[in-house]
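The basis for the numbers below is simple: all heavy atoms, side chains too, and nothing from hydrogens, waters or symmetry mates. All chains are named by letter (A, B, ...) in the order of the sequence lines, taking the proteins before the strands, and each is independently numbered beginning at 1. All figures in this text were calculated on a predicted structure; none of them were measured in a lab.
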Amino acid sequence: MADQKLPLSFYRETDVVALSRRLVGKVLCTQTGDRPVTSGLITETEAYSGCNDRASHAYGGRRTQRTKTMYEAGGIAYVYLCYGIHHLFNVVTNIQNKADAVLIRAIQPLEGKDVMLQRRNRQKVAPSLTAGPGRLSQALNISTGIDGVNLTGDTIWIEDRGLILSDHEIESTTRIGVDYAGSDAQLPWRYYLRESRWISEK
DNA sequence: CATTTGATGTTCT
DNA sequence: GAACATCAAATGC
């Protein structure tokens, strides 16, 4: 079968942790303006479980201008500004009002590497190009401007290219940068390709 | 190599 | 004011 764009039903899965694991090995693609398609293999993800997860922006049912996107039905992008500089890309999952999301933390460049180098102002294709949530967003031209955009459209989407990963190829550890979340910081909800160099931390 | 620091918008106290 | 799902450049070994 040809490359297949993931359908809305994929994102409406109710187990955000299982979905986070399943997104590793899929291919994130963007296309803006008249630029060529840029894409990369998803190598690292983190699950954020809505209202009950102290690391989540939606913890305790918090609704703000920023977080309202997370409460929509799964299958759209949640992009927000971190530290006033970095645009972080998340996949909204589950049904409406559940506020579950998966943060994409790293990709391995596939198509459009020259465009990514240009956007990032780099000379060489190396992990620092797209390994890290702020980095991959800049490489793929993802910004808060596409917050709420449908992931089955032609601006940003995710493809299944038939790669199947067994459990020993995927490592799960605690999430990055969520020390403030108390005991929830210990949850092993970060998934990454064990053998990949394209990871945000060693 | 490791550690420190500056950049900087939104949200919450 | 302070904290924050971060990064890059500068500084110290």
Open item on the list: List the residues meeting side-chain hydrogen bond (donor to acceptor under 3.5 Å, both in side chains) with A:Ser39, not counting sequence neighbours, and say none if there are none.
Closed with: A:Glu111
Using a 4.5 Å cut-off on heavy atoms from C-beta on, say whether the side chain of [Y] contacts that of [X].
X        : Y        : value
A:Arg21  : A:Val102 : no
A:Leu23  : A:Phe10  : yes
A:Pro109 : A:Trp198 : yes
A:Glu171 : A:Tyr192 : yes

Task: Outermost nucleotides of DNA chain C that come under 4.0 Å of a non-hydrogen atom of chain A - done: C:dC4 to C:dA8
Using atom [atom1] in both nucleotides, what's the gap between [N] and [M] to the nearest angstrom?
N      : M     : atom1 : value
B:dT10 : C:dA8 : C1'   : 22 Å
B:dT5  : C:dA3 : P     : 16 Å
C:dA2  : B:dG6 : P     : 15 Å

TODO: Look at all strands and tell whether A:Arg175 reaches a base, only sugar-phosphate, or nothing, counting heavy atoms closer than 4.0 Å.
DONE: nothing
Open item on the list: Just to be sure I understand the geometry, which residues of residues 74-83 of chain A put a non-hydrogen atom under 4.0 Å away from DNA chain B?
Closed with: A:Leu81, A:Tyr83
Open item on the list: I'd like to know if A:Leu41 and A:Ile107 are part of one continuous hydrophobic network [Ile/Leu/Val/Met/Phe/Trp/Tyr, side-chain heavy atoms within less than 4.5 Å].
Closed with: yes
- [ ] Treat each ILVMFWY residue as a node, draw an edge where side-chain heavy atoms are under 4.5 Å apart, and state whether A:Ile142 and A:Leu110 are in one component.
- [x] yes
Taking the side chain from [X] and the backbone from [Y], do they hold a donor-acceptor pair closer than 3.5 Å?
X        : Y        : result
A:Asp100 : A:Asn94  : no
A:Thr69  : A:Asp147 : no
A:Asn150 : A:Ile76  : no

Task: Heavy atoms from other residues, nucleotides or ligands near NZ of A:Lys98 exceed 12 (cutoff 6.0 Å) - done: no
Open item on the list: Tell me whether A:Asp154 at atom CG has more than 12 heavy atoms from other residues, nucleotides or ligands lying less than 6.0 Å away.
Closed with: no
Task: Sub-4.0 Å heavy-atom contacts from residues 52-64 of chain A onto DNA chain C, ordered by number - done: A:Ala55, A:His57
- [ ] Check every nucleotide of DNA chain B for an atom under 4.0 Å from a heavy-atom of chain A, then give the first and the last such nucleotide from 5' to 3'.
- [x] B:dA7 to B:dC12
Task: Option passing side chain to side chain contact (heavy atoms under 4.5 Å, CB included) with A:Arg190 (candidates A:Thr174, A:Thr45, A:Ile176) - done: A:Ile176
Open item on the list: Determine whether A:Asp53 and A:Arg175 satisfy the following criterion, side chain to side chain contact (heavy atoms under 4.5 Å, CB included), listing intermediate values before the conclusion.
Closed with: CA-CA 12 Å; A:Asp53 178 1; A:Arg175 293 172 290 180; 2.7 Å; yes
Open item on the list: What does the 5'-to-3' dot-bracket notation of DNA chain C look like when only Watson-Crick and G-U wobble pairs under 3.5 Å count, and pairs to other strands show as |?
Closed with: ||||.|||||||.
Open item on the list: Checking side-chain polar atoms at under 3.5 Å, does A:Arg119 have a donor or acceptor matched by the opposite partner on A:Gln138?
Closed with: no
